[in-house]
Novice: 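This is the structure I want to talk about, given as structure tokens.
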Amino acid sequence: MKPYAPTDSTQLDSVAQADTLATFGVNATPTKKPSELKLTDYGFFAGSKYFHPELGLDRNGVAGDPAPYNVANDNVITGLLLVFFIVATVLISSTRDFIVRQTRSFFHSSRRTANIGETTAEVNLQLVLVLQTALMGGILYYMYAREVMRLSFSIDSPLAVIGIFCAVFFGYFLLKAVLYSIVNWVFFGKQSRQQWWKAWLYLTALEGVALFPLVLLLVYLDISPQAWLVTLLIVAITIKILTFYKAFCIFFRQTRLYLQFFLYLCALELMPMASLAGLMSMLSSRLQI
């Protein structure tokens, strides 16, 4: 059998328009010119009530799990740490003599150094470092709750949770300052109260300075929980020992009232610290999912 072969120009045009997916040689009879064709004319449901090209198609598959929150990727936390670092660096450079004098007079206080007043820059430096200590405490407790206790919080914004923890720590320091002011005003003289206020501000600021490198290592280098917990305990215990030592030297060295000294520490140091731990535990359980 011979294959189909067109002989005239009309048949040649028909072959050029033939449907190559069907049997070769079957003429295609176009109903519309190419210029009149539209996109909808190629659809299977073209002209049907079921054809809706304006509606999007649903994507197949399941949405993936979102990336977990990381403090190192939070621009607000990074900005706060950078701001505190810059401000503390500027204030420390401008009050270097005050820091040296406070460090020397901490273990050996004389009347000449005790009567020296503090300037505005020196007071601002200590207040900024106290705020830094509260910020470090809030970040460290959030990392402890997430990494060690494995808690998931009901608040969607982790930054809000960190802000709540920082506010609690700042309230803790403020409450301690009020309690110390009231108790010391009742039982001790003006000079002793001034010495203790300077020493307490110095120790609180020193704690924030000591915790700042630990927070940087924990946030940006992801050290193990055991390492930073041991470091945190060493810093906290050292600050408490220095606080006990300074309180004894200022208030109880001459009187030798050891029982009163123990009661003083229990009422103004140990009880507030235990209350803070209980409050943070209760707050974490309330915020937990």
Side-chain angles (χ1 to χ4, degrees), residues 99 102-109 114 118 123 125-142 144-145 164-212 214-215 228-284:
I99 297 174
Q102 284 289 94
T103 305
R104 289 179 178 177
S105 63
F106 187 83
F107 296 99
H108 178 71
S109 179
E118 298 179 352
V123 175
L125 168 65
Q126 295 178 89
L127 293 179
V128 168
L129 293 180
V130 169
L131 290 175
Q132 178 179 326
T133 306
L135 177 63
M136 298 302 103
I139 295 176
L140 287 173
Y141 188 81
Y142 175 80
Y144 171 78
I164 293 173
F165 292 157
C166 293
V168 172
F169 275 94
F170 180 75
Y172 165 74
F173 291 127
L174 184 61
L175 179 62
K176 282 188 65 175
V178 172
L179 291 177
Y180 274 127
S181 300
I182 295 174
V183 174
N184 294 342
W185 178 76
V186 173
F187 294 102
F188 306 107
K190 180 179 180 180
Q191 184 177 1
S192 299
R193 295 199 304 268
Q194 291 178 351
Q195 291 180 2
W196 172 250
W197 181 249
K198 293 179 182 180
W200 184 78
L201 276 180
Y202 176 76
L203 288 174
T204 306
L206 182 63
E207 186 177 8
V209 173
L211 291 179
F212 189 78
L214 177 62
V215 171
W228 69 264
L229 282 176
V230 171
T231 307
L232 178 61
L233 288 176
I234 293 175
V235 172
I237 292 174
T238 303
I239 294 297
K240 289 301 178 184
I241 292 175
L242 293 176
T243 303
F244 297 164
Y245 167 78
K246 198 62 180 179
F248 178 78
C249 291
I250 294 175
F251 299 127
F252 302 98
R253 171 178 286 180
Q254 297 179 355
T255 58
R256 304 290 181 176
L257 299 176
Y258 298 105
L259 179 60
Q260 286 80 350
F261 172 65
F262 179 75
L263 295 176
Y264 181 84
L265 293 181
C266 289
L268 298 180
E269 282 293 333
L270 300 181
M271 289 301 296
M273 186 171 59
S275 300
L276 175 65
L279 178 62
M280 297 301 291
S281 178
M282 182 182 64
L283 187 61
S284 300

Novice: Go through L140 and Y144 one step at a time and tell me if the side chain to side chain contact (heavy atoms under 4.5 Å, CB included) criterion holds.
Specialist: CA-CA 6 Å; L140 287 173; Y144 171 78; over 6 Å; no
Novice: Rounded to the nearest 0.5 Å, what's the gap from CG on L232 to CD1 on I237? Could you check?
Specialist: 9.5 Å
Novice: Hey, do the aromatic rings of Y264 and F252 have their centres closer than 6.0 Å?
Specialist: yes
Novice: The criterion is side-chain contact (heavy atoms from CB on, under 4.5 Å); which residues satisfy it with Y245, sequence neighbours excluded?
Specialist: F106, F107, C249, R253
Novice: State whether the side chain of T204 and the backbone N or O of V130 hold a donor-acceptor pair below 3.5 Å, judged by distance alone.
Specialist: no
Novice: Going by the rule side-chain contact (heavy atoms from CB on, under 4.5 Å), which residues pair with L263 if we only count those two or more places apart in sequence or in a different chain?
Specialist: L259
Novice: For residues S192 and I250, report the shortest heavy-atom separation together with the two atoms involved.
Specialist: O-CG2, 3.6 Å
Novice: Identify the two heavy atoms, one from I139 and one from C166, that lie closest to each other, and give their separation to 0.1 Å.
Specialist: N-SG, 4.4 Å
Novice: Please name all residues satisfying side chain to side chain donor-acceptor pair (under 3.5 Å) with S284, sequence neighbours left out, ordered by chain then number.
Specialist: Y141
Novice: With side chain to side chain donor-acceptor pair (under 3.5 Å) as the rule and sequence neighbours excluded, what pairs involving residues 231-241 come up?
Specialist: K240-E269
Novice: Return the set of residues passing side chain to side chain donor-acceptor pair (under 3.5 Å) with Y202 (not counting sequence neighbours), or none when no residue passes.
Specialist: T103
Novice: Between F187 and Q260, is any pair of side-chain heavy atoms under 4.5 Å apart?
Specialist: no
Novice: If you define the side chain from C-beta out and look only at heavy atoms, does anything of Y180 sit under 4.5 Å from R193?
Specialist: no
Novice: If you measure from CD1 on I239 to CD1 on I234, what distance do you get to the nearest 0.5 Å?
Specialist: 12.5 Å
Novice: Let me confirm one number: the CG-OG1 distance from L203 to T133, rounded to the nearest 0.5 Å.
Specialist: 10.5 Å
Novice: For the NZ atom of K198 and the CD atom of Q126, what is their distance to the nearest 0.5 Å?
Specialist: 9.5 Å
Novice: Using the test side-chain contact (heavy atoms from CB on, under 4.5 Å), find all partners of L179 that sit at least two apart in sequence or belong to another chain.
Specialist: L175, L268
Novice: If you compare all heavy atoms of Q132 against all heavy atoms of G208, which two are closest, and at what distance to 0.1 Å?
Specialist: NE2-O, 3.3 Å
Novice: Taking all non-hydrogen atoms of both residues, which atom of P272 and which atom of C266 are closest, and how far apart?
Specialist: CD-O, 4.3 Å
Novice: Return the CE to CG distance between M273 and L276, rounded to the nearest 0.5 Å.
Specialist: 9.0 Å
Novice: So do L131 and F170 actually touch side chain to side chain, heavy atoms under 4.5 Å?
Specialist: yes
Novice: Please round to the nearest 0.5 Å and tell me the distance separating atom CG of L201 and atom CH2 of W196.
Specialist: 10.5 Å
Novice: Show the nearest heavy-atom pair for residues F173 and W200, with the distance to one decimal.
Specialist: O-CH2, 3.5 Å
